[in-house]
Amino acid sequence: MISVCLPVYNFDVTELVEELLNQAKAYNIDLEILVFDDFSLSYYKKRNSTIAVNSNVQYLEFDHNLGRSKIRNRLADFAKGNWLLFLDCDMVPESPQFLKNYNNVIDQANVICGGISYGPKPFKREFMLRWKYGVYRDNKNAVRRQMTPYASFLSGNFMIKKEVFNEIRFNEEMSGYGHEDTLFGLDLKKHNVSILHINNNCIHLGLEPCYDYLAKTEQSIVNLVRLLRIVPDQDRDLRRNIRLLRFYNYFRLLGLSYPLRWFFRVFNPLIRRILCNTSPSLLLFDLYKLGMMAQIFKKQNLTSTSNLLKG
């Protein structure tokens, strides 16, 4: 049996659940769907609770927000299948044979990653930065992802043997947004777990407005600094796998941490306006994130990062 593990926060998943059930029926795939609501607004709870009428769906609401790592672990605890298929709630399968594509390769690795794609260019400029970053940075085909299989791991669309997941699990020290999948990928590598990347994309529908995405970006950088504390012995892998960290270390070694902080502090409002325009520059976004990282290290009294970022 495949257990679809679907953590939900402020998103309507009724169509996604219906599509998965239809595919399971069409291809005779033994499937259960677990939908756990992580303290969404009442509108989404009322909307999503209607899926509970299906006998193959378990729907559960939490009275407080667990966060991205904890709720995934709770989903695995309740799952009955020997395979767990984790999907983010704002995903939709690109292929009408999505489940069949996974089922066809189910014995070829302990972890199978399907990939993420993005829809057509949005009309509203407030979504342009998130869409452009997704298209040019997140959307990679299976061949390219398989070249660096652990670094390319993304938690929004992957399948894993339950017994393997129970050995690793998502690290619950990682709270908030960002890099829980980075740490999970490092743990997969540490345990030498076989991983296969295939072209079985889900389309990411939940594009955040620009200023919301910038706030999430800051949270992800805070989590990246936290990750350096959690796994200080794996800093080399982190620098090799995470472009932002690699470039920040170059700037630090050149003694440019202070100019980065100055740049971020002085030009922050202007850059945010430019990034939220109709044609955002990903190069400028990278520079913005470097300045933000320098500022976060400063706030956390980590201006000397030698024990976190070994040269």
Quiz item: Which hydrophobic side chains are connected to Leu66, either touching it within the sub-4.5 Å cutoff or through other members that do?
Solution: Leu34, Phe36, Leu60, Phe62, Ile71, Leu75, Phe78

Self-check item: Residues in ring pair (Phe, Tyr, Trp, His ring centres under 6.0 Å) contact with Phe39, at least two apart in sequence or another chain
Solution: none

Quiz item: Other hydrophobic cluster members with Ile160, side-chain heavy atoms of Ile/Leu/Val/Met/Phe/Trp/Tyr under 4.5 Å, chained?
Solution: Leu84, Phe86, Val111, Tyr150, Phe153, Phe158, Val164, Phe165, Ile168, Phe170, Phe184, Leu188, Val193, Ile195

Self-check item: Apart from Leu283 itself, residues in the same hydrophobic cluster as defined by side-chain heavy atoms under 4.5 Å
Solution: none

Quiz item: What pairs with Asp77 under salt bridge (Lys or Arg N to Asp or Glu O under 4.0 Å), at least two apart in sequence or on another chain?
Solution: Arg74, Arg169

Practice problem: Flag the pair Phe251 / Phe247 as yes when their ring centroid distance falls below 6.0 Å, and as no otherwise. | Solution: no

Quiz item: With sequence neighbours left out, what residues match Lys216 under salt bridge (Lys or Arg N to Asp or Glu O under 4.0 Å)?
Solution: Glu208

Quiz item: What residue pairs, at least two apart or across chains, pass disulfide bond (SG atoms under 2.5 Å apart) with a residue in residues 84-162?
Solution: none

Self-check item: Counterpart residues, salt bridge (Lys or Arg N to Asp or Glu O under 4.0 Å), relative to Lys189 (two or more places apart)
Solution: Asp237

Quiz item: Which residue pairs pass the ring-ring contact (aromatic ring centres under 6.0 Å, His included) test when at least one of the two sits in residues 122-147, sequence neighbours left out?
Solution: Tyr133-Phe285

Quiz item: Can you list the other members of the hydrophobic cluster that holds Val53, where links are side-chain heavy atoms under 4.5 angstrom apart?
Solution: none

Identify all side-chain donor-acceptor contacts of residues 262-279 below 3.5 Å with residues at least two apart in sequence or on another chain.
from: Asn268; atom 1: OD1; to: Tyr288; atom 2: OH; distance (Å): 3.4
from: Arg272; atom 1: NH1; to: Tyr288; atom 2: OH; distance (Å): 3.2

Quiz prompt | salt bridge (Lys or Arg N to Asp or Glu O under 4.0 Å) partners of Arg125, counting only residues at least two apart | solution = none

